[in-house]
Amino acid sequence: QVQLVESGGGLVQPGDSLRLSCAASTRTFSRYAMGWFRQAPGEEREFVASISWRGSTTYYTDSVKGRFTISRDNAKNTVYLQMNSLKPEDTAVYYCAAEREGWASSRESSYDAWGQGTQVTVSS
């Protein structure tokens, strides 16, 4: 079972940027599609972005298109989420997830492993 550890969250002001990282402890990281999800207080967890195992295909939810970028470094077993032009509505706990031999799905049920989450707060 792959273990995932997120980092990089914090408190920022509207318009600022943050880069989240997710380190995976597995020798077969390149076999996993990876996704980022988020959960705001009182809300259900929602899809944010995903990336194929090779990194050639990415998907985003509409609300983050043009502001967030997902990427991966298979040599470092790490997936990133670069978040620019942050808004208060981006405030949430952000989770990374691994989908073994998957297609970078937007559905939570497709993912096999989850990190513990990292808090992102956007507030002035």
Side-chain angles (χ1 to χ4, degrees):
Q1 178 83 1
V2 59
Q3 304 288 328
L4 303 173
V5 179
E6 303 98 333
S7 61
L11 172 63
V12 297
Q13 295 186 339
D16 285 352
S17 298
L18 272 178
R19 188 176 81 156
L20 305 183
S21 299
C22 174
S25 61
T26 175
R27 296 181 179 179
T28 58
F29 181 66
S30 62
R31 294 185 183 178
Y32 288 86
M34 299 296 294
W36 285 97
F37 292 75
R38 67 186 179 185
Q39 186 169 22
E43 303 289 333
E44 294 187 352
R45 189 156 56 183
E46 66 171 354
F47 169 76
V48 177
S50 60
I51 188 167
S52 61
W53 64 272
R54 189 181 292 178
S56 56
T57 304
T58 57
Y59 301 99
Y60 299 92
T61 193
D62 286 346
S63 62
V64 309
K65 285 180 181 177
R67 299 189 299 122
F68 290 11
T69 303
I70 188 171
S71 62
R72 66 189 294 159
D73 185 337
N74 286 348
K76 295 183 178 180
N77 283 12
T78 302
V79 62
Y80 305 97
L81 186 67
Q82 177 67 43
M83 306 186 294
N84 299 329
S85 303
L86 283 160
K87 304 175 181 181
E89 51 264 44
D90 295 317
T91 295
V93 177
Y94 284 71
Y95 299 88
C96 73
E99 182 189 18
R100 183 171 176 84
E101 297 179 349
W103 299 97
S105 173
S106 62
R107 298 185 303 175
E108 288 188 46
S109 59
S110 297
Y111 289 83
D112 305 294
W114 293 81
Q116 82 289 349
T118 186
Q119 176 70 47
V120 172
T121 304
V122 185
S123 175
S124 56

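Computed from a prediction, not measured in an experiment: that's the story for all the values here.
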Check your understanding: Between Tyr80 and Phe47, is there a shared hydrophobic cluster once you connect ILVMFWY residues whose side-chain heavy atoms come closer than 4.5 Å?
Key -> no
**Study point:** Any donor-acceptor N/O pair, Thr118 side chain to Gly9 backbone, under 3.5 Å
**Key:** yes
Check your understanding: Would you call Arg67 and Asp90 a side-chain contact if the rule is heavy atoms closer than 4.5 Å?
Key -> yes
Review point. Tell me, do Ser105 and Ser50 make a side-chain contact under 4.5 Å, heavy atoms counted?
Key: no
**Study point:** Minimum heavy-atom distance Arg54-Arg72, with the two atoms named
**Key:** C-CD, 4.5 Å
Point to revise | Atom pair CZ/CD of Arg107 and Glu99 - distance to nearest 0.5 Å | key: 8.5 Å
Check your understanding: Is there a donor-acceptor contact under 3.5 Å from the side chain of Gln39 to the main chain of Val93?
Key -> no
Study note, to complete from the structure: Heavy atoms of Ala33 and Ala104 approach each other most closely as CB-N, 3.4 Å
Check your understanding: OG1/Thr78 to CG/Leu20 distance, rounded to the nearest 0.5 angstrom?
Key -> 12.5 Å
Check your understanding: Given side chains that start at C-beta, do those of Trp36 and Cys22 come closer than 4.5 Å, heavy atoms only?
Key -> yes
Practice item. Provide the closest heavy-atom pair for Gly117 versus Glu6 in the form atom of the first, atom of the second, distance. Key: N-OE1, 2.9 Å
Check your understanding: Is the backbone of Val5 close enough, under 3.5 Å, to the side chain of Gln116 for a donor and an acceptor to pair up by distance?
Key -> no
Point to revise | Side-chain H-bond candidate by donor/acceptor type, Thr28 with Thr26, under 3.5 Å | key: yes
Practice item. Locate the shortest heavy-atom distance separating Ser17 from Ser85; write the atom from each residue and the value. Key: OG-N, 4.3 Å
Check your understanding: Within a strict 4.5 Å, meaning less than it, do heavy atoms of the Leu4 and Tyr95 side chains meet?
Key -> no
Check your understanding: Which heavy atom of Ala40 sits nearest a heavy atom of Ala92, and at what distance?
Key -> N-CB, 3.8 Å
Practice item. Measure the spacing between CD1 of Ile70 and SG of Cys96 and express it to the nearest 0.5 Å. Key: 9.0 Å
Review point. Does the side chain of Asp16 reach to within under 4.5 Å of the side chain of Val122, using non-hydrogen atoms?
Key: no
Practice item. Determine, stepwise, if the pair Val64 / Arg38 fulfils side-chain contact (heavy atoms from CB on, under 4.5 Å). Key: CA-CA 12 Å; Val64 309; Arg38 67 186 179 185; 4.0 Å; yes
Practice item. Supply the atom-to-atom distance Asn77 CG to Gln3 CD, rounded to the nearest 0.5 angstrom. Key: 13.0 Å
Review point. Do Thr91 and Gln119 come within less than 4.5 Å of each other through their side chains, counting heavy atoms only?
Key: yes
Practice item. Say whether Trp114 and Val120 are linked into one hydrophobic cluster, either directly or through other cluster members, by side-chain heavy-atom distances under 4.5 angstrom. Key: no
Practice item. Might you point out which heavy atoms bring Ser71 and Ile51 nearest each other, and give the distance in Å? Key: CA-CD1, 3.7 Å
**Study point:** Polar side-chain atom of Thr69 near backbone of Gln82 as donor-acceptor pair, under 3.5 Å
**Key:** no
Check your understanding: Counting distance only, does the side-chain N/O of Glu101 pair as donor-acceptor with the main-chain N or O of Trp53 below 3.5 Å?
Key -> no
Review point. Got a second to check how far Ser63's OG is from Glu89's CD, nearest 0.5 Å?
Key: 8.5 Å
Exercise for review: If the plane angle is over 60° it's perpendicular, under 30° parallel, otherwise tilted; pick one for Tyr111 and Phe37.
Suggested key: perpendicular
Practice item. With the side chain counted from C-beta on, respond yes when Leu86 and Phe68 share a heavy-atom pair under 4.5 Å apart, and no when they do not. Key: yes
Practice item. Give a yes or no on whether Tyr94 and Tyr60 share a hydrophobic cluster (residues Ile, Leu, Val, Met, Phe, Trp, Tyr; joining criterion: side-chain heavy atoms under 4.5 Å apart). Key: yes
Review point. To the nearest 0.5 Å, what is the distance between CZ (Phe29) and CG (Asp73)?
Key: 8.5 Å
